[in-house]
Amino acid sequence: FGGGPLAGRRVLVTSGPTHEPIDPVRYIANRSSGAQGTAIARALADLGAEVVFVTGPAEVSPPPGVEVVAVETAEEMRAAVHDALPVDGAVFAAAVADWRVANASGSKMKKTAGALPELELTQNPDILAEIAGLGSDRPALVVGFAAETDDVVANATAKRRRKGCDWLLANDVSPATGIMGGTENRITFITEDGAEDWPREGKDAVARRLAGMMAEALA
Ligand code: C5P
């Protein structure tokens, strides 16, 4: 038996980008490195939690001591998240692609002179909103992220309500901040009680701060 304030607690963390295929060799993705989600999984495991780490194709390796479920697409991530339930807490740090290609090709699309492929996009499921809206299977604590470029507090406050999560960690990902893909983060922490600014600090420090608060909330 390991010790720690989260011993006996099972938590889920989603992390990384998703890749949405266009054809077998091409995909739509985003610039998420998986650094923040990985740091959170590590911090939760360090506090003794049993961690299920559902990760898209990230740049950073998963931490030791967690159960890794590697996925590619948003649909696969959704299925893996449902398979991981029930959990006490869930942190949705993945940058899920908003859209996937509805008419993805099973074979490599040919480059034909004078003809451009028409990609038809369709909406991906909102995994966070879906899990936060569950009845009896809802984790006691559901935490989301919001990458915003303007009006961070107003947008993130509205987003927390819309998604139905308990806590929302909003960060300003304007290119000038260097946060997306960088090593630091600056969080505005949103709950139903309001917004609180955390100091700009390393993603590991953000992760430890969040994990500590989760341990208190789930005690
Ligand atoms: O709506 P937006 O993408 O800004 O929301 C971000 C939050 O929602 C993150 O916590 C992200 O992991 C989660 N999310 C999700 N499934 C989606 C889109 C976002 O779980 N399809």
Side-chain angles (χ1 to χ4, degrees), residues 1-2 4 6-21 24 27-30 32-102 104 106 122-147 159-160 162-169 207 210-211 214-215 217-218:
F1 282 106
L6 282 170
R9 298 280 183 242
R10 180 176 160 88
V11 298
L12 161 81
V13 179
T14 73
S15 183
T18 64
H19 285 183
E20 309 296 334
Y27 57 82
I28 295 176
N30 61 64
S32 167
S33 65
Q36 187 62 83
T38 300
I40 291 166
R42 177 181 292 115
L44 290 166
D46 283 347
L47 295 185
E50 175 191 343
V51 179
V52 183
F53 184 62
V54 179
T55 177
E59 279 168 31
V60 296
S61 305
V66 306
E67 180 189 334
V68 180
V69 185
V71 300
E72 189 102 355
T73 67
E75 291 281 5
E76 289 169 12
M77 183 170 281
R78 173 178 185 246
V81 164
H82 280 277
D83 284 349
L85 300 180
V87 293
D88 300 295
V91 181
F92 293 84
V96 182
D98 290 314
W99 313 286
R100 68 176 180 277
V101 180
T122 187
Q123 197 84 31
N124 267 330
D126 190 319
I127 306 166
L128 166 60
E130 193 176 300
I131 298 302
L134 288 177
S136 57
D137 254 2
R138 186 192 191 276
L141 183 61
V142 178
V143 182
F145 271 80
K159 184 168 290 183
R160 191 197 69 81
R162 200 164 63 238
K163 301 256 185 184
C165 57
D166 302 295
W167 297 349
L168 191 92
L169 278 64
L210 174 63
M214 290 180 69
L218 294 173

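Remember, predicted model here, so these are calculated numbers, not experimental data.
For Ala94, the side chain to side chain contact (heavy atoms under 4.5 Å, CB included) test picks out Thr14, Met77, Val96, with sequence neighbours left out. Looking at residues two or more places apart in sequence or on another chain, you find no salt bridge (charged side-chain N to carboxylate O under 4.0 Å, His left out) involving Arg160. Judged as a salt bridge (charged side-chain N to carboxylate O under 4.0 Å, His left out), and not counting sequence neighbours, Asp88 has no contacts. Asn30 is linked by a side chain to side chain contact (heavy atoms under 4.5 Å, CB included) to Pro17, Ser32, Ala95, counting only residues two or more places apart in sequence or in another chain. Judged as a side chain to side chain contact (heavy atoms under 4.5 Å, CB included), and not counting sequence neighbours, the contacts of Ala104 are Val101. Scanning for side chain to side chain contact (heavy atoms under 4.5 Å, CB included) contacts around Ala79 gives an empty result, with sequence neighbours left out.
Rounding to the nearest 0.5 angstrom, the gap separating the CG atom in Leu141 from the CE atom in Met214 is 5.0 Å. Expressed to the nearest 0.5 Å, how far OG1 of Thr73 lies from CD1 of Ile28 amounts to 12.5 Å. For the atom pair CH2 of Trp99 and OG1 of Thr122, the computed distance is 12.0 Å after rounding to the nearest 0.5 Å.
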All N/O donor-acceptor pairs, side-chain side in residues 123-133, below 3.5 Å, sequence neighbours left out:
{"from": "Asn124", "atom 1": "OD1", "to": "Arg100", "atom 2": "NH1", "distance (Å)": "2.9"}
{"from": "Asn124", "atom 1": "ND2", "to": "Glu20", "atom 2": "OE2", "distance (Å)": "3.3"}
{"from": "Asn124", "atom 1": "ND2", "to": "Ala97", "atom 2": "O", "distance (Å)": "2.8"}
{"from": "Asp126", "atom 1": "OD1", "to": "Leu128", "atom 2": "N", "distance (Å)": "3.3"}
{"from": "Asp126", "atom 1": "OD1", "to": "Ala129", "atom 2": "N", "distance (Å)": "3.0"}
{"from": "Asp126", "atom 1": "OD1", "to": "Lys163", "atom 2": "NZ", "distance (Å)": "3.4"}
{"from": "Asp126", "atom 1": "OD2", "to": "Lys163", "atom 2": "NZ", "distance (Å)": "2.6"}
{"from": "Glu130", "atom 1": "OE1", "to": "Arg78", "atom 2": "NE", "distance (Å)": "3.0"}
{"from": "Glu130", "atom 1": "OE2", "to": "Arg78", "atom 2": "NE", "distance (Å)": "3.0"}
{"from": "Glu130", "atom 1": "OE2", "to": "Arg78", "atom 2": "NH2", "distance (Å)": "3.3"}
{"from": "Glu130", "atom 1": "OE2", "to": "His82", "atom 2": "NE2", "distance (Å)": "2.5"}

What donor-acceptor contacts under 3.5 angstrom involve side-chain atoms of residues 35-42, with partners at least two apart or in another chain?
{"from": "Gln36", "atom 1": "OE1", "to": "Asn185", "atom 2": "ND2", "distance (Å)": "3.1"}
{"from": "Gln36", "atom 1": "NE2", "to": "Lys203", "atom 2": "O", "distance (Å)": "3.0"}
{"from": "Thr38", "atom 1": "OG1", "to": "Gly34", "atom 2": "O", "distance (Å)": "2.7"}

Table please: side-chain donor-acceptor pairs of residues 57-69 below 3.5 Å, with sequence neighbours left out.
none

>> Let's go through Val11 and Val91 carefully: what are the C-alpha distance in whole Å and the side-chain angles of both, what is the deciding distance for side-chain contact (heavy atoms from CB on, under 4.5 Å) to 0.1 Å, and is it a yes or a no?
In response: CA-CA 8 Å; Val11 298; Val91 181; over 6 Å; no
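The shortest non-hydrogen separation linking Ala207 to Ala43 is O-CB, 3.6 Å. Considering every non-hydrogen atom in both Val54 and Ala80, the closest pair reads CG1-CB, 3.8 Å.
Annotation: side-chain hydrogen bond (donor to acceptor under 3.5 Å, both in side chains) contacts involving residues 131-147, sequence neighbours excluded, comprise Arg138-Asp166. A side-chain hydrogen bond (donor to acceptor under 3.5 Å, both in side chains) check over residues 48-57, counting only residues at least two apart or in different chains, returns the pairs Arg10-Glu50.
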